[in-house]
Amino acid sequence: MANLVCGFDILGLALSAPNDIMELSLTEEPAVTIRNLDSFNLPTDPEKNVAGVVLLSIIEKTGRRFGFDISIEKHIKPGSGIGSSAASAAGAAVAANHLLENIFSTDEIVQFAMNGETLASGVKHADNIAPCVLGGISLIRSIHPLDIVSIPAPDLFVTVVHPQIEVRTSDARQILKQQVLLKDAIKQWGNIAGLVTGFMKQEYDLIGRSLEDVIIEPVRSILIPGFDELKKGCKEAGALGGGISGSGPSVFMLSKDEATAIAVESVMKGVYNRIGIDYNTYVTTINKEGVRVEWLRS
Ligand code: ADP
């Protein structure tokens, strides 16, 4: 999940669910062959699938003659705002590195995976990729040069609602203002510092107070039906706070315990049942491990 409220473009966290499953193997044939095992109809042309783009860039970097076979079983719906493309990109990069006996550093894996994000959204960003690779919460202090900081994540529950509407990332980017008022910037950086400190010191009240975005959310939330009502209801149900996940349409809320996260889910369901929009919800936790690798054969 990228764009963590006040941490637009710089803070992301990994979710325990939903998650994709991919099987990767090395081949002598110098090509990337993709098999989709789900019904999302994503491209099998490696240049048009983020996993393919990542693997091609890895092969090129090694300068060797070999290829990969990959099968992808997605459970994260593309375009949901919860990092569907990043899951494929990060998974492919981590798995390929394992097959290549870990010749690349973590920063290099993130860089390879970012090539996939460029295909998906036209912009090179790491706030989905870094937490997928590293687990937990990541601060992307800088992209050029890459500077990623892992932030110790407290035990928090995450409730996500994905209303089944389309929000194009390009539209969500286009409506943003290119300038901000100094007074808003001051509020925002106070909140980012508060949020990071709250995560590190496990101060839940501070996390709650800092989950405020005065720059992006007021503009973007108009793309998400029922957003204000949803947020108000979730906070009344006990959520610490939350906001738009990625560039939407998914919305997430953080809670201290599972019972609250489930109460928050009921509020989310109530809002979209009343508005009449189909949705999926997830009650999950912060995934502190990131991409998980299992060897199928030695
Ligand atoms: P999300 O909003 O969930 O983060 P993204 O914006 O990350 O979704 O990516 C979705 C876009 O990337 C879609 O246009 C999709 O067709 C394209 N895409 C290409 N390959 C993949 C892949 N392996 N997994 C997910 N999306 C992919």
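Both counts, for ligands and for their atoms, begin at 1 and track the order of listing. In this chain, residues are counted from 1 in sequence order.
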Relative to the heavy atoms of S80, which atoms of ligand 1 are at a distance of less than 4.0 Å?
1 (P), 2 (O), 3 (O)

Specify side chain, backbone, both or neither for K74, according to which of its non-hydrogen atoms lie closer than 4.0 Å to ligand 1.
side chain

Among protein heavy atoms, which sits nearest to atom 6 (O) of ligand 1, and what does the distance come to when rounded to 0.1 Å?
T169 OG1, 4.0 Å

Under a single-linkage definition using a 4.5 Å side-chain heavy-atom cutoff for Ile, Leu, Val, Met, Phe, Trp and Tyr, are V219 and V167 assigned to the same hydrophobic cluster?
yes

What is the nearest protein non-hydrogen atom to atom 23 (N) of ligand 1, stated with its residue, atom name and distance?
N49 OD1, 2.8 Å

Say whether A51, considering both its backbone and side-chain N or O atoms, lies within less than 3.5 Å of an N or O atom on ligand 1.
no

Hey, is atom 14 (O) of ligand 1 under 4.0 Å from any protein heavy atom?
no

Side chains of T197 and E203 only: does a donor on one sit below 3.5 Å from an acceptor on the other?
no

Among non-hydrogen protein atoms, atom 20 (N) of ligand 1 lies closest to V50 N, 3.1 Å

Is it true that the side chains of S71 and E23 contain a donor and an acceptor less than 3.5 Å apart?
no

At what distance is the nearest protein heavy atom to atom 2 (O) of ligand 1, and which residue and atom is it?
G81 N, 2.8 Å

Considering only non-hydrogen protein atoms, determine which one is nearest to atom 25 (C) of ligand 1 and report residue, atom name and distance to 0.1 Å.
S84 OG, 3.4 Å

If you scan protein heavy atoms around atom 11 (C) of ligand 1, the nearest is A120 CB, 4.1 Å

Under 3.5 Å donor-acceptor, D213 side chain and G243 backbone:
no

Quick one: do the K74 and S88 side chains pair a donor with an acceptor below 3.5 Å?
yes

Donor-acceptor pair between N273 and Y279 side chains, under 3.5 angstrom
yes

Atom indices of ligand 1 within 4.0 angstrom of S88 heavy atoms, with elements
22 (C), 23 (N), 24 (N)

If only side-chain N and O atoms count, and only distance matters, is there a donor-acceptor pair under 3.5 Å linking S138 with S150?
no

I need the nearest protein heavy-atom contact for atom 8 (O) of ligand 1: residue, atom name and distance, please.
G79 N, 3.0 Å

Any donor-acceptor N or O pair under 3.5 Å, side chains S57, N115:
yes

Taking non-hydrogen atoms only, is S85 closer than 4.0 angstrom to ligand 1 via side chain, backbone, both or neither?
both

With a 6.0 Å cut-off (strictly less than), is the heavy-atom count around NZ of K232, excluding the residue itself, greater than 12?
no

Which one holds for I82 and ligand 1: side chain close, backbone close, both close, or neither close, with close meaning a heavy atom under 4.0 Å?
backbone

If the threshold is 4.0 Å, N to carboxylate O, is there a salt bridge linking D9 and R173?
yes

For atom 17 (C) of ligand 1, what is the nearest protein heavy atom, given as residue, atom name and distance?
L42 CD2, 4.4 Å

